Amino acid sequence: MILAHKIALDPNNVQETYFRKAAGTARFAYNWALDQWQQQFDAWKADPTLPKPTEAALRRQLNALKRDAFPWMLEVTKNAPQMAIMHLGQAFKNFFAGIAEYPTFKKKGRHDSFTLTNDQFTVKGQKVHIPKLGWVRMHESLRFVGKVLDGTISRTADRWFLSVTVEMPDPPSVRRENQAGVGVDLGVSALATLSTGEKIVGPKAYAMALKQLRRLSQQFSRQMETAKVRAGLQPGQPIPKGMHIPWSKNMQKTQRRIARLHARIALIRANALHQLTTMLVERFDVIAIEDLNVAGMLKNHKLARGIADMGFGEFRRQLEYKAGQRGKTVIVVDRWYPSSKICADCGYKMPKMPLSVREWTCPACGMPHDRDLNAAINLRTVAESSVGGCQPV
């Protein structure tokens, strides 16, 4: 199996400047290659005798001209532009395979990263050696032992991280003779309700930070209005297209605080999801979840913020790859299955049940139900019928 360990770096000013140059070089190479790909592909369509663009050909083309046309590329590792073009090639493969959208140009400030092959960096203890830079301190040592495949240095807010990809032997698959099964119903008030009766409350990191985020956003808005007046615009006047508004030092500080707060929200959410998904795959052999239409759910303006704050899509991604690593089974139940409306005791189906109804009593058998727990039990029942031999816990 392949795992990645993301480690925070502690670069000095010179090292951070190098990181920014390397990330800018990678972004430029990606955008240059995408532009060349489009031009060469259009030319090939007009004249099929011309060669079709390929990732390898674009890398050779850049190598042939970068010394004269882009000499500043030589200041950083050769991996920065080369791996960026390889990533573009993979993006086109994913596009033609129908699993991704057409590649788009990367924007400065949103895509600050570059990748190193395993022969271009060395991790030793709490240090990493970068070509043309030297040793950079890490906040912790690499936890995984195996073959290092590559490393990606990226920026989140104003911090830099190293993500090391390691190939490791697959762990032994530990399954009980009678497989332990569980149904998991995701929600907003509780992140997950298990068919065992357990409720896991999500951290709701965005909701907790919303007051501070609003205050910082209002502060930045006031600073931007002041900057617009200094630039000669009237208060409230929109910025004309193409006009650059210089940012003050205070504006840059506020923007960094907003970015750090968003990064903290994402980390809190990811940590909670990792703890939940790891617990599920360690305790259960068969896990049933619902195929939620997250994009459709986000269209409900009353629930969109709470749903996005829980990270349902990330929960499923983590659960599926962790279950695959440990030989466990994830059953994805059809999204139209009425798990909340069916009585888990007698099978009676309620004709209607709005979201406001959190508890209900079955009119057929008189059994009281908690909406989320009842849904989780029904999901586990579907898993039992799908796998066979699954035992509730």
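We're numbering straight along the sequence, starting at 1. Note that the coordinates shown come from a computational prediction; the quantities given were computed from them, not determined experimentally.
Here the closest heavy-atom approach between residue Leu273 and residue Gly311 is recorded as CD1-O, 3.6 Å. In plain terms, the two heavy atoms of Gln126 and His139 that are nearest each other are NE2-O, 3.5 Å. Across every non-hydrogen atom of Ala323 and Val330, the tightest pair is CB-CG2, 3.5 Å. Nearest heavy-atom pair, Met310 versus Val188, reported as atom, atom and distance to 0.1 Å: CE-O, 2.8 Å. The two atoms that bring Ala80 and Ala26 nearest to each other are O-CB, 3.4 Å, heavy atoms only. Contact between Leu379 and Glu290 at its shortest, heavy atoms only, is CD1-N, 4.3 Å.
Checked against ring pair (Phe, Tyr, Trp, His ring centres under 6.0 Å), Phe41 has the following partners two or more places apart in sequence or in another chain: Trp44. Checked against ring pair (Phe, Tyr, Trp, His ring centres under 6.0 Å), Phe144 has the following partners two or more places apart in sequence or in another chain: His5.
Gln38 and Asp42 form no side-chain donor-acceptor contact under 3.5 Å, judged by distance and modelled atom types alone. Side-chain contact check for Gln40 and Gln61: at least one donor-acceptor pair (N or O, by modelled atom type) lies under 3.5 Å. A donor-acceptor contact under 3.5 angstrom links the side chains of Gln39 and Asp35, judged on distance only. Between the side chains of Gln120 and Asp150, no donor N or O sits under 3.5 Å from an acceptor N or O.
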Problem - Full working for side-chain hydrogen bond (donor to acceptor under 3.5 Å, both in side chains) between Thr254 and Gln219 - result: CA-CA 8 Å; Thr254 305; Gln219 179 178 330; 3.2 Å; yes

Practice task
For Phe70 and Phe28, run ring-ring contact (aromatic ring centres under 6.0 Å, His included): C-alpha distance rounded to whole Å, both residues' side-chain angles, the deciding distance at 0.1 Å, then the answer.
Solution key: CA-CA 10 Å; Phe70 314 119; Phe28 176 87; 4.9 Å; yes

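For the pair Asp10 and Lys127, the salt-bridge criterion is not met [side-chain N within less than 4.0 Å of a carboxylate O]. Salt bridge present: Asp291 and Arg316 bring a charged side-chain N and a carboxylate O closer than 4.0 Å. Salt bridge present: Asp285 and Lys328 bring a charged side-chain N and a carboxylate O closer than 4.0 Å. Taking a cutoff of 4.0 Å between a charged side-chain nitrogen and a carboxylate oxygen, Arg283 and Glu198 qualify as a salt bridge.
Checked against the 6.0 Å centroid threshold, Phe105 and Tyr30 do not count as a close aromatic pair.
The shortest distance between side-chain heavy atoms of Arg380 and Leu194 does not fall below 4.5 Å.
Using a 30° and 60° split on the angle between ring planes, Trp160 and Phe19 fall in the tilted class, from 30° to 60°.
Within 6.0 Å of CZ in Arg358 there are more than 12 heavy atoms belonging to other residues, nucleotides or ligands. For NZ of Lys124, the number of neighbouring non-hydrogen atoms (other residues, nucleotides, ligands) closer than 6.0 Å is 12 at most.
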N/O donor-acceptor pairs under 3.5 Å from side chains in residues 236-250, not counting sequence neighbours:
| from | atom 1 | to | atom 2 | distance (Å) |
| --- | --- | --- | --- | --- |
| Gln237 | OE1 | Gln234 | N | 2.9 |
| Ser248 | OG | Met251 | N | 3.2 |

